[in-house]
2 protein chains.
Amino acid sequence: MSAPAANEVIHQSVRLKIMSALNAVPRSEALEFARLKAITGATDGNLGAHLTTLEGAGYIKIVKEFVGKKPRTTVAVTTAGRRAFESHVAYLRDILDAAPTTPQT
Amino acid sequence: MSAPAANEVIHQSVRLKIMSALNAVPRSEALEFARLKAITGATDGNLGAHLTTLEGAGYIKIVKEFVGKKPRTTVAVTTAGRRAFESHVAYLRDILDAAPTTPQT
DNA sequence: AAAGTATACTCTGCGCTACAGAGTTGCACA
DNA sequence: TGTGCAACTCTGTAGCGCAGAGTATACTTT
């Protein structure tokens, strides 16, 4: 069993919150920009930059649409994004599950 | 609020590895500098700086001693360090638990 | 039509931090 | 004495996160 590696793109705390939130919604559903802003506590610009980073990594898909009167940006996780997130979760679980009574390497 | 907060001191990846490794050893035991270097993959200087950060936060105790001919630096987690680590673990679990991993079977 | 509003993005500049690598210290042994 | 080991300190650099200002789009109001 090879130890899973850390994913620094996902590990960053704001992006970790984003990926966690996206991963928690049912497949093929998305979250709105404003919702992510509330979840992460980031400013508009900062959140936009993090989303760009995640999109550049191929982990999320950004969709811009107009619903009635207002613009709405929705974000959904991609298959690669889910895989990467799950892999990082496995890495974290490795760390978190290290028990005081387990001298096993 | 019931949601635990992130601890940025511990969240940093090298320090997370350090705290995880220290938390995994039995109470009142310690790890050697060289062991931590192998675990984290950091250089001497970098590891020393991270240890200083953790010590400054009160999370670890650094003990320098001479054993026979050689200097040995050992590092042990403090009570506050365990608490902080456990708190951060709770925070991460909050995030991870929202992420159903692909069932292996 | 012109101005205003809401949403979300882009850009800029600042400050912090991680990092590698070089240099230093303390001790032991040849 | 000077070589080697272990670990620390220092320095410079590069990159990143962040806030805030400014901008674009589409709709609303007057």
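Naming convention: chains lettered A, B, ... in sequence-line order (proteins, then strands); numbering from 1 in each chain.
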Could you state the CD-C1' distance from B:Glu65 to C:dG26, rounded to the nearest angstrom?
15 Å

Can you figure out which of D:dA7, D:dT9, C:dC19 approaches the side chain of B:Gln12 most closely?
C:dC19

note: B:Arg72, atom CZ; C:dG26, atom C1'; distance rounded to Å ~ 17 Å

Output yes when at least one side-chain N/O atom of B:Thr73 is less than 4.0 Å from OP1 or OP2 of D:dA6, else no.
no

On the nucleotide D:dC18, are OP1 or OP2 found under 4.0 Å from the side-chain N or O atoms that A:His50 carries?
yes

Looking only at side-chain N and O atoms, does B:Asn46 come under 4.0 Å of OP1 or OP2 in C:dA20?
yes

From CG of B:Leu47 over to P of D:dA6, roughly how many Å is that when rounded to an integer?
15 Å

From NE2 (B:His50) to OG1 (B:Thr40), nearest 0.5 Å
8.0 Å

Is A:Thr43 close enough to D:dC18 that one of its side-chain N or O atoms is under 4.0 Å from OP1 or OP2 there?
no

Can you confirm if the aromatic rings of B:Tyr91 and B:His88 lie within a centre distance of less than 6.0 Å?
yes

Between A:Glu8 (CD) and D:dG17 (P), how many Å, whole number?
10 Å

Given atom CD1 of A:Ile60 and atom P of C:dA8, what is their separation to the nearest angstrom?
14 Å

When you look at NZ of B:Lys17, are more than 12 heavy atoms from neighbouring residues, nucleotides or ligands closer to it than 6.0 Å?
yes

Closest non-hydrogen atom pair between A:Ile18 and A:Leu47, with its separation:
CD1-CD1, 3.7 Å

